[in-house]
Amino acid sequence: MHGRIKVRTTEEEKARKEKERQEKLKVFKHAMQKILYKRKQGEQDDEQLEITGKVLSSNPDIYTLWNIRREILILFSKTKNEEEMSKIYDTELNLTEYCLKINPKSYCSWHQREWVLTSRPNPDWKKELELCNTYLKYDERNFHTWDYRRFVVSQFKPPLQEEFDFTTEKLYDNFSNYSAWHYRSKMLVELYPDVKGGRPIQDNHHKHELKMVQSAAFTDPDDTSAWFYQRWLLGAVKVTIQLVSYTVTPLKTTLAWSRKVSNNYINSNVNIYFNNQLVEGKWIPCTGLEYDDLWIFEHNQEVSDNMDIKVEHGVGDEKQIINSEKYQPCTYVGKNKIFFKNQYSQPVIEELNEQLDSCRQLLALEPDNKWTLLTTTFFLYCIDANLYHKEIMVNLETLKDLDSQRAGYYSDLISKWSIEQQLPQDYNSNSLEYKISFSQKITSLPHLNYYSYCQVVDLSNQALTSRILPTLTKLQHCKVLNLSSNKINTLDGFPDIDLEELHLEDNIELDKMEVEVFKHKHKFMKIYF
Amino acid sequence: MSFKTKDVTLSDDRPKTLLLQKHSDYLAGYGLNKDDYEFCMTEYLRMSGIYWSLTAMELMDQSSRMPKDDIISFISSCQDNESGGISASNGHDPHMLYTLSAVQVLAMYDRLDAIDVEGVVRYVSSLQQEDGSFFGDMWGEVDTRFSFCAVMCLSLLQRLDAIDVNKAVDFVLSCMNFDGGFGSKPGSESHAGLIYCCVGTLSICKRMDALKAAELAWWLCERQLPSGGLNGRPEKLPDLCYSWWVMSSLSMLNRIHWVDKKNLEQYILACQDAETGGFSDRPGDITDPFHTLFGLAGLSLLGNTSIKRVNPTYCMPQETIDRLNLEPQILQI
C-alpha cells in the first residue's frame with residue numbers, strides 16, 4: 001500500500017465506511033463469481049466484456065481479467081468484420097485510458113494498450129505519441145509513460161533528433177527531470193558517437209552537454225538530477241583492456257588485468273614465451289568465476305634461473321610485447337606502463353578547466369555546498385589527478401563531514417585514489433614488497449590484483465574490515481602478509497592462499513577462539529595474534 | 001521557485017524500538033477475516049502476499065503461527081496442470097510472479113514436493129525468448145523482474161540448466177543505463193526495485209563482474225535522504241521498501257557501508273505502527289505485509305540480531321539458502 005495516510009475517524013464514520021465497503025465488496029464478489037463461471041462455461045461474449053470492464057475500471061490490476069478480455073478479442077477478430085473490430089479495439093483503448101486515470105502505474109493497463117495497438121491493423125501511432133505528451137504533462141517522471149513512449153517510438157519511428165529535442169524541451173521546462181536526462185543519454189550515444197576516435201560521444205557534443213549540465217546544476221545545486229548525468233559525461237571516455245603485469249615463478253604463473261576478462265579473451269589474445277618458445281597451458285581464474293582480473297596459468301615448463309620470459313598481448317594488429325625482469329632467482333615479473341587517467345580530447349579538457357573555474361567561484365560563495373565541492377573535486381581528478389592530489393584529498397576529507405551519511409563512500413574514494421597515486425611509482429621499482437603509506441588510513445583495497453606479484457604485503461595500521469578478506473585471494477605470490485592494527489572482526493571469508501606468515505595483532509574485535517581454530521586449520525602458516 | 005528536496009520528517013512520537021510482538025500479531029491476524037475488504041481486493045496477488053507474510057514471520061522466528069498445511073495445499077491447488085505455472089489464487093491465471101512466490105514459500109517449508117517441479121521448470125523455461133528475456137506469462141509482457149523471477153525460481157529448484165543463462169544475462173545487461181542502474185527493459189530508466197532484480201539475476205548467475213559497480217553503488221547510496229530513508233529514484237520521496245531494494249543491492253555490491261546505517265534504522269523503526277503492528281511505506285501511513293517484510297529484512301541487513309539473517313539476493317532466511325546449498329555471488333572489493 002503506497003502513500004495511504006492513516007486518518008483518525010469517529011466510530012460512527014468508521015461504521016458508515018465499513019458498511020459502504022461491505023456493499024462494494026458484495027458487488028465485487030458477485031461480479032468475480034459470474035466472470036469465472038462464464039469463463040468456465042466458455043461464454044466469450046459481450047456480456048463478459050462488460051462485466052470484466054466494470055470490475056477493471058476500479059481494479060485495473062486484476063491481471064486475469066485482462067487475459068479474459070484478450071481471449072475474447074482474439075476470438076472476435078476471427079468472426080467480426082474490420083469495422084466492427086475497429087470499434088471494439090477503440091473501446092478497449094478507452095478502457096485502458098480510463099484505468100490509467102485510476103492508476104497511472106498499472107502495469108496491466110499499459111500492457112493491454114500495447115497489446116491492442118500491436119494486434120489491430122493500422123494503429124494510430126501519432127495519436128499515441130500525443131497521448132504520451134499529455135500524460136507526461138501530468139507526471140513528468142512516470143516511468144511507465146516514458147516506457148510506453150519508447151515503445152511507440154520504436155513502432156512509429158520518428159527521426160531520433162525529434163526525440164532528442166523533446167528531452168531538451170522537457171529539461172528547459174524543469175532541469176529536475178531525471179527521466180529526461182536518462183532518455184537523453186540513450187540518444188546522445190546513438191546520434192553522436194565518435195566512431196573514429198573510439199570515444200562514446202563526439203567532442204563538440206560532449207562539450208555541449210557538459211555546458212548544459214552546468215547551467216542546470218548552477219540553477220540549483222541541490223537538485224541532484226543533472227549531477228548524475230555529469231558524472232556519466234566525465235566517465236564517457238575510451239576504455240581499453242590492458243595486461244598490467246605478470247609473474248612467473250617455479251610455483252606459479254599469474255597474469256593481472258586492468259579489467260575482468262574471460263578465458264576466451266585470454267586464449268585468443270595472449271601468448272607466453274619462455275626462451276622464445278611458445279608455452280602451452282591452461283588458464284584458471286583466481287576467483288573461480290567466469291570473468292576475472294587475475295588469471296593463473298598452469299603449464300608443464302620448468303622455470304629455471306636466467307630465462308628470457310615475455311608475454312605478447314593484443315587484439316588484431318595491435319600487439320604489445322611485455323618483457324620481464326628477474327627480481328629474484330627464478331622469479332620473473334613483467335610490468336606494463338600503467339595509468340588511471342581518463343583520456344579526454346583537448347576541447348573537452350578546456351571545457352573542464354573552464355567549469356572548474358566556475359565551480360571554484362561558486363564554492364567561494366557557498367563553501368558548504370556538498371555538490372559544488374564534490375564536482376570541483378571530480379573536475380580536479382579528471383583534469384590532473386597527480387597535480388591536484390593533495391587538494392583532492394583535503395576536499396574528500398571535508399566531504400566526509402559535510403555529507404556524513406555517505407562518509408563510507410568518501411573514505412573508499414580516498415583509498416582508491418591514493419592507491420592509484422602510489423601504483424605507478426611502485427611499478428617503476430623492482431621490489432617485491434608492497435607497503436601502504438598514506439596519511440589517511442585506507443578502508444578498501446581496490447586494484448589489489450596489480451600487486452599480485454608481491455611477496456611481502458604490509459597492510460598494517462589501516463582501517464580495513466573483514467569485508468576485504470575475500471579479495472586477498474589476489475595476493476597469489478604473497479608469503480608474508482601483515483594485517484595488524486586494522487578493524488578485522490572475523491576471519492570468515494579468508495581466502496585459500498599459501499602464506500608463510502600472517503600478522504593479525506591489534507585487531508581488537510577479533511575473537512581469540514576464532515584465531516585458534518584458524519591456526520589449527522593452517523598448520524604451516526606462522527600466525528601472529 | 002527554489003528547489004526543495006522531497007523528504008519527510010520523523011516526528012518524535014514515532015516508534016524508536018523494534019515492536020516484534022506487534023508485527024507477529026499483525027501478520028498472524030492478517031487475512032483471518034475472509035470478508036475483510038482489503039484482503040479480498042488483493043486476491044490477485046495472494047501468492048505473493050503469503051510469501052511476504054511467511055518470510056517476515058520466518059525472520060522473526062514466528063512462522064509456526066502461519067497455517068502451514070493450508071498454505072501448502074493452497075499452493076498445490078494453484079498450479080496449472082497444463083502449463084505447469086502457478087497462479088496468484090484459485091480462478092486466476094498462472095504467472096511468473098506467483099510461480100516464484102509459491103516456490104519461495106515451499107522452499108522455506110522444505111516442501112517442494114507439494115508441486116509438480118518439472119511442470120514449473122517447463123513453465124519458466126517456456127517463457128524465455130530468443131533475446132534471453134522472459135515473458136511474465138503467455139501474453140508477452142517483458143520485464144527484467146521476470147528475468148529475476150525465472151533465475152531465482154530455477155536456482156531454488158536446482159534447475160538453472162533448463163534455460164540459456166548466458167542469454168538471460170545478456171538481456172539484463174542490455175538494460176544497463178548511463179548511471180550504472182537498470183530499468184524494466186532496454187531503454188528504461190534506472191529504478192532501485194529493478195536494480196535489485198537485475199543485480200540479483202547477476203548474483204545468481206555469478207556475473208557480477210559485468211556491473212559498473214562503483215557508479216551503481218554511488219547512485220544507490222545517493223538514495224539516502226536527510227530523514228535517513230531511501231528513495232527509489234532521484235528526486236522522489238522515501239519509501240520503506242527501498243530499504244530493501246537499495247540495501248540488498250548494496251549488500252551484493254559489498255558496499256552497505258556507503259549509507260548511514262544508524263539513520264536508516266531510525267527511519268525504518270519510525271515506519272512501524274505501534275497500534276496495529278506492521279510497517280508502512282512512510283511514517284504514519286497504513287501498514288501492509290509487503291512493507292512489513294521489507295522493513296524487517298532491511299533491519300536484518302543492517303545487522304539487527306533480534307531478526308534472523310536474511311539473504312540479500314533471495315530475500316529469504318539465510319538458513320534456507322544454506323540448506324539448499326546456494327551461493328549467490330557477492331562482489332569482492
Side-chain angles (χ1 to χ4, degrees), chain A residues 1-6 18 21-22 24-25 28-29 32 36 59 61-64 66-67 70 107 111 115 141 143 146-147 150 176 178-179 182-183 185-186 220 222-225 228-229 231-232 235 260 287 289-292 404-409 412 444-446 465 467-468 470-471 473, chain B residues 2-3 5 35 37 40-41 44-45 87-88 91-93 95 137 139-141 143 177-179 183-185 187-191 206-207 209-210 215 217-219 221-222 224 226 228 233-236 239 254-255 257-260 263 273 280-282 284-288 290-291 329 332-333:
Chain A
M1 220 166 291
H2 284 100
R4 281 185 39 188
I5 300 163
K6 192 172 152 184
E18 185 52 33
R21 284 185 135 194
Q22 283 306 325
K24 255 204 232 165
L25 194 57
F28 171 75
K29 277 188 171 176
M32 285 300 286
L36 294 183
N59 310 277
D61 290 322
I62 306 179
Y63 68 100
T64 304
W66 291 111
N67 297 348
R70 282 191 285 264
Y107 281 98
H111 181 242
W115 183 84
R141 296 293 306 284
F143 68 80
W146 283 101
D147 279 347
R150 280 182 279 270
S176 181
Y178 192 77
S179 308
H182 159 79
Y183 193 25
S185 77
K186 295 278 173 203
D220 211 314
D222 290 324
D223 168 19
T224 64
S225 304
F228 294 101
Y229 190 72
R231 184 70 72 88
W232 170 66
K260 293 188 170 97
T287 56
L289 294 160
E290 214 180 317
Y291 285 71
D292 210 333
S404 62
Q405 283 184 321
R406 277 157 284 273
Y409 164 65
D412 282 0
S444 64
L445 284 172
T465 64
R467 183 168 42 83
I468 59 92
T471 192
T473 189
Chain B
S2 166
F3 181 84
T5 303
D35 285 325
Y37 181 77
C40 292
M41 292 323 238
Y44 70 90
L45 47 75
S87 64
H92 291 260
D93 290 344
H95 195 283
D137 62 12
W139 294 103
E141 188 185 2
D143 194 302
N177 292 322
F178 78 104
D179 45 26
S184 59
K185 31 182 142 336
S188 301
E189 180 184 346
S190 298
H191 177 289
K206 299 192 171 33
R207 282 300 314 277
D209 62 90
E215 286 90 337
W218 177 62
W219 188 90
C221 78
E222 281 292 343
Q224 188 164 38
R233 291 192 285 158
E235 311 311 335
K236 289 280 187 183
D239 182 328
N254 211 347
R255 285 172 175 92
H257 60 293
W258 283 13
V259 300
D260 187 325
N263 245 215
D273 189 320
S280 58
D281 59 350
R282 283 183 275 282
D285 283 2
I286 299 172
T287 63
D288 59 75
F290 174 86
H291 286 96
Q329 189 189 353
Q332 286 181 15
I333 54 164

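To find a chain, count down the sequence lines: A is the first, B the second, and so on, and within it residues start at 1.
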Chemist: Quick check: do B:Tyr44 and A:Thr64 have side-chain heavy atoms less than 4.5 Å from each other?
Modeler: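 Contact flag for B:Tyr44/A:Thr64 side chains = no.
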
Chemist: Measure from the side-chain N and O atoms of A:Arg4 to the backbone N and O of B:Asp285, and report whether any donor-acceptor pair falls under 3.5 Å.
Modeler: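 Answer holds: no.
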
Chemist: With a 4.5 angstrom heavy-atom cut-off, which part of A:Arg150 approaches chain B: side chain, backbone, both or neither?
Modeler: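 A:Arg150 touches chain B through side-chain heavy atoms alone.
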
Chemist: Heavy-atom distance under 4.5 Å to chain B: side chain of A:Tyr183, backbone, both or neither?
Modeler: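 Contact with chain B involves no heavy atom of A:Tyr183 at all.
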
Chemist: Need one label for B:Asp239: side chain, backbone, both or neither, based on atoms under 4.5 Å from any heavy atom in chain A.
Modeler: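 The side chain, not the backbone.
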
Chemist: Any carboxylate oxygen within less than 4.0 angstrom of a Lys/Arg side-chain nitrogen, looking at A:Arg141 and B:Glu235?
Modeler: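 Salt bridge absent between A:Arg141 and B:Glu235.
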
Chemist: Hydrogens and angles aside, do A:Asp147 and B:Ser184 bring a side-chain donor and acceptor to less than 3.5 Å of each other?
Modeler: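 Yes - a donor-acceptor pair under 3.5 Å links their side chains.
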
Chemist: Please state whether the rings of B:His95 and A:Tyr63 are parallel, tilted or perpendicular, taking 30° and 60° as the class boundaries.
Modeler: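 It falls in the perpendicular class, over 60°.
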
Chemist: Where does B:Asp137 contact chain A at under 4.5 Å (heavy atoms): side chain, backbone, both or neither?
Modeler: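 It is the side chain, since no backbone atom gets that close.
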
Chemist: Checking A:Asp292 against chain B: side chain, backbone, both or neither under 4.5 Å from a heavy atom?
Modeler: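 When you check distances to chain B, no heavy atom of A:Asp292 falls under 4.5 Å.
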
Chemist: Side chain, backbone, both or neither: which part of A:Asn59 has an atom under 4.5 Å from a heavy atom of chain B?
Modeler: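 Just the side chain, heavy atoms under 4.5 Å.
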
Chemist: Take the angle between the ring planes of A:Tyr178 and B:Trp219 and call it parallel below 30°, perpendicular above 60°, tilted in between.
Modeler: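 Answer is tilted, since the angle falls between 30° and 60°.
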
Chemist: So what's closer than 4.5 Å to chain A heavy atoms on B:Ala88: side chain, backbone, both or neither?
Modeler: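 When you check distances to chain A, atoms from both the backbone and side chain of B:Ala88 fall under 4.5 Å.
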
Chemist: For a quick test of reading the model, state the closest non-hydrogen atom pair linking B:Cys221 to A:Tyr409 and the distance between them.
Modeler: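 Minimum heavy-atom contact is SG-CB, 4.4 Å.
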
Chemist: Below 4.5 Å from any heavy atom of chain B, which atoms of A:Pro446 appear? Answer side chain, backbone, both or neither.
Modeler: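 Contact with chain B involves no heavy atom of A:Pro446 at all.
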
Chemist: Ring centres of A:Phe228 and B:Trp218 under 6.0 Å apart?
Modeler: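 Yes: the rings meet the under 6.0 Å criterion.
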
Chemist: Considering non-hydrogen atoms only, spot the tightest contact between B:Cys40 and A:Phe28 and give its length.
Modeler: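 That would be O-CE2, 4.0 Å.
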
